[in-house]
Amino acid sequence: MAALASLGESAPAAEAKGPRSMQAGRRRRLNLFRYLVFTVFGLFFILPLLAMVRFSLEGSTLGTWSVAAWKQIASYPGPPPLLSAVEITLELAIISSGVVLVLLVPTMIWIRLRVRWISRAFEFLCLLPLTIPAIVLVVGLAPIYNKIRHYQLSALQLFWAYVILALPYAYRALSAGLTAIDVETLSEAARSLGASWLTVIVRVIAPNMRQAILNALVLTSALVLGEFTIAYLLLYNNMQVNLYYISRTTPNAGVLFAASSAALIFAFGLLLVLSYAGRRRRRGQG
Amino acid sequence: MPAVGAAAARDEGAHVSSPMTSTQKSAARTAVEVRMEGLSRRYGPVVALDGLDLTVQAGELVALLGPSGCGKTTTLRLLAGLEDADAGQITVAGADITRLPASKRDMGMVFQAYSLFPHMTVRQNVAFGLRLRRVSSAQRDRRAIEMLDLVGLSTQADRYPHQISGGQQQRVALARALAIEPQVLLLDEPLSALDAKVRAQLRDQIRRIQLEVGITTLFVTHDQEEALAIADRVGVMRDGRIEHLAPPTEVYSRPATSFVAEFVGLTNRLAGTVSGSTVTVRGRDLPLVDLSTPAGPVTALVRPEAVTLASDSSGESGPLVGTVIASTFLGATSRVTVDLGDTTILAQLSTADATKLPAGSRVSLTIRPDPVLVSVEAPAEVEE
């Protein structure tokens, strides 16, 4: 017992008294390693993007600067005009994120609270789209979209397909948020205070999944902003399809890269705003 | 026992302002009786509750005590409506609420796990139940602050749950449960996540508030000290039934069964022989709790504090002479283990007395003639 006690005392004591310089050296080396990794991977990601932006700002002669290509985004002729394709993609991102959240958030909370036994089956269902190649999805969806086209509905109808595509990512993000809170206790506390099931979901559980909901939003939006295959194969025009057409027909590659950069910057901006919103909320609490 | 608890609460909770508000007075006036009859609940093959009967008088605090899996939390959850009973009936103030959903039962509940809503401030948490009842925001605020005053936390009203300590969170949870002026207060091991000192303070504070508000309360715990300190009556549960329901002093000094005796406090199990109204244990005649015990060999359950030790230098041997083999320091008291040759016995003494009897010293024992409970099973020589 005495031996145990002395062991228990000596371990932290030794650590505290240990040579400070050695620890500091280790920390420095670790930091150096961190910065190195960060720099290498940062360059790997940022260099191609910077090159793309630089190319979009290329003037009429090599090595000069110009924003002409960027100015053309707004006025680039169609059919359909580039700007309208960008608009449609943004609208699709908003609609798809909204539908995914409205479908998934209450369902997942409900399953967690009341019908836990189907959670495995539900997870499988949500992750299934990951395993289905887009082309297979298109083959299945084509007859339905042929009918839709018959009624001359806009490209916004693509959101049906995008919701399915986004399910696995949104599910994963929301599921992580849901496991991070004590859903059972919170809901029981709310119910004992007189809350209905709807109140429990809307006013107690969902607000505590704020960060997870934002993550699901970011992932869904990012997916829609970059989607090409389904829109192209179903003969709809979204931003990516439009950029592809431009790349096929234009002698001016600058506008193509300007539009791609704009889309990227927009996505980055959205990501930043959403994650900043989540963090500010936390700090407000903290 | 309750009187002692209340006195302690006055001492330890003295810093807490506790004006008797109009709402508390009205709650005190409307305390209701809770009656549970024949409650049963199964989880697959496991019987959690087996025809439990329990009546909690208006304004009374009953503590349910028992080992894990004895059904005490299930009882509370059935009463709260968080689970449905397979059979039986629950009435509150004479009204049958057995099939009523939790949200309509009008019961305040404090949980074992921290249950404050993380996205709301302390004030919003306390006012949540009132908001659901469409109380005006001014009234809500007033009531929330009043309740926070009651638990001594009105200065923390604008903090978020993660900014306050665990003990404070449980006090806010108590304020939140009481804010809706419930008919019944349910406490599901609210202190078990807290450290010992905070636990004792909050325990006494809960008791003080319960007495002030006068609300009928069911308190579930596995900690016997907690149950004995806080309750008007303690129900010791085993296998889905209440084995003994009585005031704390009675549960401790005159336990109904050997299970109760052994669960509440430490017990020496000593071989003895019953004859008439006494049991003879190692040559000493002790009165029986249950006078109807048939004559014959039994195991007598003797509390450690009924055993006193004295240094013995005579060198004689006898049934009540032994050797100290270990001593456990508990603060004001110490628990001393004595080897009697054929068995060992625990004695609880003041630490001052115990330090005079180091390990190896010869001692003579005296057993105080308190009424003892016996079990008729084959005599065993196990303590605790």
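Quick note on labels: first sequence line is chain A, next is B, and so on, each numbered from 1.
Interface residue T199(A): only side-chain heavy atoms are found under 4.5 Å from chain B. Within the 4.5 angstrom heavy-atom criterion, atoms from both the backbone and the side chain of F117(B) approach chain A. Interface residue M109(B): backbone and side-chain heavy atoms are both found under 4.5 Å from chain A. Looking at L186(B), there are no atoms closer than 4.5 Å to chain A (heavy atoms on both sides), in backbone or side chain.
Using modelled atom types, one side-chain atom of H119(B) and one backbone atom of R203(A) make a donor-acceptor pair closer than 3.5 Å.
The choice from R105(B), R159(B), K104(B), R133(B) that makes the most heavy-atom pairs within less than 4.5 Å of chain A is R133(B). With chain A as partner, the option from A177(B), A80(B), S103(B) having the largest number of non-hydrogen pairs under 4.5 angstrom is S103(B).
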**OP:** Would you please test T185(A) and Q112(B) for side chain to side chain contact (heavy atoms under 4.5 Å, CB included) and show each step?
**Re:** CA-CA 9 Å; T185(A) 307; Q112(B) 177 177 8; over 6 Å; no
Original post:
Where do F128(B) and V204(A) land on the side chain to side chain contact (heavy atoms under 4.5 Å, CB included) test, with the steps shown first?
Top reply: CA-CA 10 Å; F128(B) 181 78; V204(A) 177; 3.7 Å; yes
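Scanning both residues, L132(B) and G194(A), for their nearest heavy atoms gives CD1-C, 3.7 Å. Minimum heavy-atom separation, S115(B) to L186(A): O-CD2, 3.5 Å. Across R191(A) and G81(B), no two heavy atoms sit closer than the pair NH2-O, 3.8 Å.
Between E188(A) atom CD and D188(B) atom CG the span is 9.0 Å, to the nearest 0.5 Å.
A 6.0 Å sphere centred on CH2 of W197(A) holds more than 12 heavy atoms belonging to other residues, nucleotides or ligands. When the shell of 6.0 Å around OH of Y43(B) is examined, it contains more than 12 heavy atoms from other residues, nucleotides or ligands.
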